Protein chains: 2
Amino acid sequence: MKELQSEYQCAINLVIDLIGGKWKVLLLWHLNEGDKRFNELRRTIPEITRKMLTQQLRELEGHGLVKRTVFEEVPPRVVYSTTDFGRKLQPVLYGMCQWGDDYAEEQGIQMNSCWTGQDFMKK
Amino acid sequence: MKELQSEYQCAINLVIDLIGGKWKVLLLWHLNEGDKRFNELRRTIPEITRKMLTQQLRELEGHGLVKRTVFEEVPPRVVYSTTDFGRKLQPVLYGMCQWGDDYAEEQGIQMNSCWTGQDFMKK
DNA sequence: CTGTATCCCCGAGGATACTG
DNA sequence: CAGTATCCTCGGGGATACAG
């Protein structure tokens with residue numbers, strides 16, 4: 001598990017350590033849509049391997065951005081959700097998405113929009 | 001040079017391709033403080049190598065987020081600045097920084113604040 | 001279903017020397 | 001000053017098999 005430093009020159013460096021991983025922003029984004037199970041996330045992000053999914057989720061959990069809830073059943077059921085703090089990032093992620101959409105439009109890039117922004121705006 | 005895809009499932013994936021590089025967010029952040037020369041950036045981010053700095057700047061430039069201005073002098077002078085579009089990301093970066101600051105405070109992480117947020121807020 | 005455990009490859013990126 | 005050009009290492013991350 002990647003440890004955070006005890007001191008940072010600038011908050012942006014801390015943020016990069018927290019959500020700079022290859023899949024973390026994507027995971028947080030999808031978890032902000034709603035709680036998700038392990039294989040549900042795999043289906044949402046088909047390119048991710050089990051190993052990477054586990055690892056990135058564990059780091060997000062370790063840093064307090066994601067909560068992991070295990071239901072003691074057979075077969076096992078595990079649900080991932082964002083913590084209050086992870087959820088605080090939502091406006092930022094949303095801003096990123098908007099900016100990305102702007103970029104795509106300006107550059108004529110196609111978007112198969114899994115766009116959850118509207119839901120967010122209603123709040 | 002890393003090419004963008006012609007189509008994305010979701011804007012967040014595009015954003016990750018645009019600024020997901022190891023140093024890109026950091027570079028954009030520092031360039032938002034003001035235009036900077038090559039070695040100035042190296043001093044600001046001592047851990048980055050010349051190679052990486054060049055490469056990441058070239059990608060940002062290629063994607064239209066950063067502008068590179070060469071002054072034909074001896075010795076050469078090259079100034080990097082954010083484009084209008086790159087600048088549009090500033091509120092997002094600022095939001096990330098605020099969130100990082102919150103996190104640091106909650107977790108008791110030390111911050112040697114190169115904090116340019118205040119300047120931003122005045123606008 | 002939700003993961004570990006292993007093995008292994010490949011390419012991001014560091015170190016260093018050189019250049020216009 | 002602002003980069004290229006080379007070489008080489010190292011670990012991120014894929015593939016696969018196995019486990020509770």
Side-chain angles (χ1 to χ4, degrees), chain A residues 1-5 13 16-28 30-31 34-63 65-83, chain B residues 1-5 13 16-28 30-31 33-63 65-82:
Chain A
M1 159 92 177
K2 179 181 187 177
E3 293 301 332
L4 297 178
Q5 297 167 218
N13 292 288
I16 290 172
D17 277 0
L18 284 172
I19 61 169
K22 191 176 180 185
W23 305 99
K24 292 188 181 172
V25 167
L26 202 53
L27 285 171
L28 286 172
H30 286 302
L31 286 179
D35 302 357
K36 292 225 159 55
R37 300 179 59 174
F38 189 79
N39 277 344
E40 214 171 338
L41 285 169
R42 288 190 68 199
R43 259 174 277 123
T44 313
I45 314 172
E47 316 83 48
I48 199 171
T49 58
R50 267 189 300 254
K51 181 179 164 185
M52 277 298 98
L53 182 52
T54 306
Q55 183 195 106
Q56 301 277 301
L57 283 170
R58 285 297 192 289
E59 286 196 13
L60 289 169
E61 187 193 359
H63 295 150
L65 307 185
V66 160
K67 198 176 80 187
R68 178 168 177 269
T69 310
V70 182
F71 294 85
E72 297 294 350
E73 311 171 353
V74 179
R77 183 157 59 101
V78 178
V79 170
Y80 292 94
S81 50
T82 49
T83 62
Chain B
M1 160 91 178
K2 179 181 187 177
E3 295 301 331
L4 298 178
Q5 298 167 217
N13 291 288
I16 290 172
D17 277 359
L18 284 172
I19 61 169
K22 191 175 179 185
W23 305 99
K24 291 188 180 172
V25 168
L26 202 53
L27 285 171
L28 287 171
H30 286 301
L31 286 178
E33 292 172 25
D35 302 357
K36 291 226 159 54
R37 301 180 58 176
F38 188 80
N39 277 343
E40 214 170 338
L41 285 168
R42 288 189 68 201
R43 260 173 276 122
T44 312
I45 313 172
E47 317 82 49
I48 199 171
T49 59
R50 267 189 299 255
K51 182 179 164 185
M52 277 298 97
L53 182 52
T54 306
Q55 183 194 107
Q56 300 278 299
L57 283 171
R58 287 295 193 288
E59 286 196 11
L60 288 169
E61 188 193 358
H63 295 150
L65 306 185
V66 159
K67 197 176 79 188
R68 179 170 178 267
T69 311
V70 182
F71 295 85
E72 297 293 352
E73 311 171 352
V74 180
R77 183 157 60 99
V78 178
V79 170
Y80 292 93
S81 50
T82 49

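Throughout, a chain's letter reflects where its sequence line sits, starting with A, and its residues are numbered from 1. Quick caveat: nothing in here was measured; it's all calculated off a predicted structure.
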Checking side-chain contact (heavy atoms from CB on, under 4.5 Å) against A/L18, which of A/H63, A/K24, A/E59 comes through? A/H63

From A/T44 atom OG1 to A/K36 atom NZ, the distance as rounded to the nearest 0.5 Å: 5.5 Å

Given DNA chain D, 5'-ward residue of the pair B/T54 and B/R43, judged by closest heavy atom: B/R43

I want to check something: taking the side chain as every heavy atom from C-beta on, are B/I19 and B/L28 in contact at a cut-off of under 4.5 Å? yes

Below 4.5 Å, heavy atoms only, C-beta onward: do A/F38 and A/T54 meet side chain to side chain? yes

Have a look at B/Y80 and say if it touches a base, only the backbone sugar-phosphate, or nothing, with a 4.0 Å heavy-atom cut-off. sugar-phosphate

Taking side chain as C-beta onward, heavy atoms only, is B/E47 less than 4.5 Å from B/I45? yes

For DNA chain C, note the earliest and the latest nucleotide, 5' to 3', having some atom under 4.0 Å of a heavy atom belonging to chain B. C/dG13 to C/dG20

5' to 3' contact window, DNA chain D with chain A (heavy-atom distance under 4.0 Å): D/dG13 to D/dG20

Return whichever of A/P76 or A/I48 has its heavy-atom-nearest nucleotide of DNA chain D closer to the 5' end. A/I48

Using the side chain to side chain contact (heavy atoms under 4.5 Å, CB included) criterion, which residues pair with B/E3? Sequence neighbours excluded. B/M1

Please check if the number of heavy atoms outside A/K67 that lie under 6.0 Å from its NZ is greater than 12. no

Out of the candidates B/L41, B/L60, B/L27, only one should pair with B/Y80 under the side-chain contact (heavy atoms from CB on, under 4.5 Å) rule; please name it. B/L41

Mind checking A/R42 for me? I need base, sugar-phosphate or nothing, with any heavy atom below 4.0 Å counting as a touch. nothing

